[in-house]
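Here is the naming used below: chain letters follow the sequence lines, and residue numbers restart at 1 for every chain.
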Amino acid sequence: MKSNGRFGEFGGVFVPEILFPALEQLEGAFLAAGQSAEFEAELKRLLSDYAGRPTPLYACRNLCADTPATIYLKREDLLHGGAHKTNQVLGQALLAKRIGKSRLIAETGAGQHGVATAIVGALFGFETHIYMGQKDVERQRPNVFRMQLLGARVVPVRTGSQTLKDAINEALRDWAKSYGTTHYMLGTAAGPHPFPTMVREFQRVIGQEARAQMVDAAGGLPDAVIACVGGGSNAIGVFSDFIDDTQVRLIGVEAAGHGLHTGRHGATIQQGRAGILHGAYTRVLQDEEGQVTETESISAGLDYPGVGPEHVHLAESGRAEYVGIEDQEALDAFTELTRSEGIIPALESAHAVAQGIKMARVATEPTTLLINLSGRGDKDIEHVRSILESRATDKDQGQEGL
Amino acid sequence: MGRYEKMFEQLQLRHQGAFVPFVTLGDPTVETSLSIVRTLVESGADALELGIPFSDPIADGPTIQASAVRALDQGVTPGACIELLSQIRGEFPEIPIGLLLYANLVAANGIAPFFKRLGRAGVDSVLVADVPIFEAEPFVTAAAARDLATVFIAPPNATEERLRQIARMTSGYTYVVARAGVTGVDQQLQLNQTNIFSFLKDTGAPPSLVGFGISTPEHVRQVLAAGADGAISGSAVVTLISRHLEDVSHLKKELGVFVKQMKAAT
């Protein structure tokens, strides 16, 4: 390894020895790609011609129009595949080709990363296996079918909490056997080195574009950049180019689920302790003796008891702030953005929107807020419909709603 | 002299290899687990490899995952496992006891305090499944302070340079994994690198025990013939436990037969 993969004290390479050579090979390929004009040109071409970059920056016309704040949305929801995930799978797929791998494995929570992986699997002719917790398979049906249409095999994971964390466990087990032919396309800025760095670099394009677009559209930098944080890839992508602009607040929004005080949430940075999970020294939601606890969130993509190590470093150094948004607030923001702007956000992204709305409502002077709208909500429509419907039924029966 | 050294020395005098069964502590309950361990030792196990159940065992296949789930479902905690270890050590003062666990359990409340507890319980070695040589230093230092050996895995894809590092770092014994993948029962043993044993010996590594996939006496004979000093069998033992959860006396009988057959092959 050329680097120890640490952000402050966080990060590292905590994997069984057998996986170490594969990570070393990946780091080598990633570093070599950074020196290759050919790689850069091919990735750039794919991002523009295939995926649709640059994505627009949109100044909301109606959302919080009665406040002194202006909300800008970075429209990653318009990217091919429906979320920011496509940025980095294109990068990783080119690397996998360069190191001669013929098969891709990936984990997915909401299904967005699974869909993105299946897309590049189809594009480049990789055999593709997607591990997905059984619970997520059930609540993200449309994405399961999309992955299958794209030619990927979706493998339901029935161990543990049957969500994202268990899908990662299963992908790591597969990789311990298949590393010779297989690239593990980890979907977020978490996991062992080089993933957190590599995923950030492939997602950095979000922040690069957004920064330039803000200067064009608003004549300067935003007061705050807001993004949801599960593993943290869209947030680290949009934050990266603003880190040196210390006057810009960076706000990561975690899933507060039923409430931060209830223990039923996915707010790892706010409620977790330092620990080692899925290859990295990071913060982990865990019990007193180190068993990883189960998380809860309305959005499958934020339902994860770990988090990217760079976010922990940003939190400890004070450069970024991390806040929680509860299920109900996210659902309200989902509806509000949909009705006011005609944009249906992913439930994950709705957490960031909710935080933006909250800040706009308390603003006392002109404020510009940049929200990374990391994905679109088509995948969530069925899930939201069933929640709203059961709430309506509860109301009919005179019970408390959600 | 440590318990592992003593064991390997005595086995050498008898021209035998070591047979080391693995079970998860607290599977299916703490009480049954103790009586399972007694059966293993009384049936001829040369050493014990014991696991502390963890919520996310990424190096384990379905059999050992399921055993961790059974123990966790019973509310078995690392603290309860350490008490159980003290009890096992009290009953069997001579047998080498190795622990196999995951990094978060070690680091949750500090590496040094955790290893202190293990040292007091009479554990001889620890193998932290998700700590490669690259990240090993703080674990090795803290273990050494408590006279705990730190076992590292020599995988089939390690370069000679990496094997040399592993040989330098591992103590107690060297855990040789002869095939890719996670723990589990193999029909046909896969020994991808038979010369790994002489290489490790030449570099001065402690004796080699082969694990992952060892499930029949024939496998034991094969690894010993290839140059290993012993064999570790986990998933095969745990499979017996999972088959006889309802009938402990029958389980003990089956385990006894299995261990005797495996030991006889050494």
For chain B, the option from A/E294, A/H278, A/R273, A/E170 that forms the most heavy-atom pairs under 4.5 Å: A/R273

Heavy-atom proximity to chain A below 4.5 Å, by part of B/Y175: neither

Among the listed options A/A176, A/A22, A/S178, A/G180, the residue most often paired with chain B at heavy-atom distances under 4.5 Å: A/A176

Proximal component of B/A107, with respect to chain A [non-hydrogen, under 4.5 Å]: side chain

A/Q291, part contacting chain B, at a heavy-atom distance under 4.5 Å: both

Minimum heavy-atom distance between A/V292 and B/N104, given as atom pair plus value: CG2-ND2, 4.5 Å

Other residues, nucleotides, ligands: >12 heavy atoms within 6.0 Å of B/R120 CZ: no

Considering all heavy atoms, the nearest B/A108-A/G290 contact: CB-CA, 3.6 Å

Distance (rounded to the nearest 0.5 Å) between A/E24 CD and B/R162 CZ: 5.0 Å

A/F20 and B/F134 aromatic ring geometry - parallel, tilted or perpendicular at 30°/60° bounds: tilted

Among the listed options B/P78, B/G61, B/P62, the residue most often paired with chain A at heavy-atom distances under 4.5 Å: B/P78

Side chain B/N109, main chain A/E288, donor-acceptor under 3.5 Å: yes

Check: B/D130 side chain, A/F14 main-chain N or O, donor-acceptor pair, under 3.5 Å: no

Residue pair A/K177, B/V182: steps toward the side-chain contact (heavy atoms from CB on, under 4.5 Å) verdict: CA-CA 7 Å; A/K177 194 170 184 171; B/V182 293; over 6 Å; no

Point-to-point distance, once rounded to the nearest 0.5 Å, from SG of B/C81 to CD of A/E289: 8.5 Å

Proximal component of A/Y281, with respect to chain B [non-hydrogen, under 4.5 Å]: neither

Over all atoms of both residues, closest heavy-atom pair of B/G181 and A/I18: N-CD1, 4.1 Å

Contacting region of A/R6 [heavy-atom separation from chain B under 4.5 Å]: side chain

Side chain / backbone / both / neither for B/P53 at chain A, heavy atoms under 4.5 Å: backbone

Check: B/E135 side chain, A/V13 main-chain N or O, donor-acceptor pair, under 3.5 Å: yes

Toward chain A, the part of B/V69 with a non-hydrogen atom under 4.5 Å: neither

Chain A contacts, top residue of B/A59, B/A66, B/G79, B/A68 (heavy-atom pairs, under 4.5 Å): B/G79

4.5 Å side-chain heavy-atom contact, B/I166 and A/E17: yes

A/L277, part contacting chain B, at a heavy-atom distance under 4.5 Å: side chain

NZ (B/K116) with more than 12 external heavy atoms under 6.0 Å: no

Rounded distance [0.5 Å steps], CD1 in B/I58 versus CG in A/L172: 5.0 Å

